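Below is one structure, written out as C-alpha cells, with a few remarks after it.
Keep in mind that this is a model prediction, so the values were computed, not measured.
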Amino acid sequence: MKTHYADINTEIVSRLRALRKSKHLSQKELAELLGETQAYVSRVERQERRLDVTEFLLWCKALAVDPSLMLPKID
C-alpha cells in the first residue's frame with residue numbers, strides 16, 4: 001500500500017511541475033507566488049518534501065488551475 005501512495009504523490013507532483021513549466025514559470029517565480037523559497041519548490045519537485053492538502057491547494061491557486069485537474073484517478 002505504501003508504494004501505491006508514493007505513486008499517487010509522484011503523479012501529482014509531476015503534473016504540477018509540468019504545469020509550471022508549460023506556463024513558463026521558473027521555480028523561483030512560482031516560489032514568489034507562493035511566498036516561499038526556490039529551495040522549497042525544488043524539494044517538492046524532487047520529492048524530498050511532500051505537499052499537504054493546504055499546500056497543494058495553494059500551488060493550484062498560484063498556477064491558476066482547478067485542483068481536481070491535478071489529481072490522478074485512484075482505482
Side-chain angles (χ1 to χ4, degrees):
M1 198 70 163
K2 194 173 190 179
T3 302
H4 184 67
Y5 292 136
D7 291 345
I8 294 168
N9 188 66
T10 297
E11 181 64 25
I12 291 169
V13 171
S14 177
R15 289 177 184 201
L16 290 170
R17 183 185 325 107
L19 181 60
R20 173 185 63 77
K21 289 181 176 185
S22 76
K23 292 181 177 267
H24 306 289
L25 289 173
S26 67
Q27 287 183 342
K28 183 178 180 189
E29 290 168 325
L30 177 57
E32 289 171 0
L33 291 172
L34 293 168
E36 293 286 350
T37 65
Q38 179 274 328
Y40 162 79
V41 173
S42 177
R43 283 192 305 272
V44 170
E45 289 189 352
R46 286 183 283 138
Q47 296 190 36
E48 293 176 0
R49 185 189 188 290
R50 286 185 161 214
L51 292 175
D52 67 23
V53 173
T54 303
E55 291 168 326
F56 167 73
L57 293 172
L58 291 172
W59 277 54
C60 290
K61 182 178 179 183
L63 293 169
V65 65
D66 180 336
S68 68
L69 299 176
M70 296 291 100
L71 298 173
K73 183 179 177 188
I74 299 174
D75 298 323

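By the 4.5 Å heavy-atom criterion applied to side chains, F56 and M70 are counted as neighbours. Side chains of W59 and V44 form a contact here, defined as non-hydrogen atoms less than 4.5 Å apart.
Pairing each heavy atom of P67 with each of C60, the nearest pair is CA-SG, 3.7 Å. Contact detail for L16 and L63: the closest heavy-atom pair is O-CD1, 3.9 Å.
Partners of T37 under the side-chain hydrogen bond (donor to acceptor under 3.5 Å, both in side chains) rule, at least two apart in sequence or in another chain, do not exist in this structure. Take S14 and apply the side-chain hydrogen bond (donor to acceptor under 3.5 Å, both in side chains) test, not counting sequence neighbours, and it matches no residue. A search for side chain to side chain contact (heavy atoms under 4.5 Å, CB included) contacts involving A62 returns L30, L33, L34, not counting sequence neighbours. Partners of S22 by side chain to side chain contact (heavy atoms under 4.5 Å, CB included), not counting sequence neighbours, listed by chain and number: L19. Legend: residues meeting side-chain hydrogen bond (donor to acceptor under 3.5 Å, both in side chains) with D66, ordered by chain and number and at least two apart, are S68. Under the salt bridge (charged side-chain N to carboxylate O under 4.0 Å, His left out) criterion, E55 pairs with R49, sequence neighbours left out. Taking the side chain to side chain contact (heavy atoms under 4.5 Å, CB included) definition, one finds that K61 meets it with nothing, sequence neighbours left out. Taking the salt bridge (charged side-chain N to carboxylate O under 4.0 Å, His left out) definition, one finds that R43 meets it with nothing, sequence neighbours left out.
Taking CD of Q47 as the reference point, atom CD1 of I12 lies at 10.0 Å (rounded to 0.5 Å).
Without hydrogens or angle criteria, S42 side chain to Q38 main chain gives no donor-acceptor distance under 3.5 Å.
For residues 8-26, the pairs satisfying salt bridge (Lys or Arg N to Asp or Glu O under 4.0 Å) are E11-R15, R20-E45, with sequence neighbours left out.
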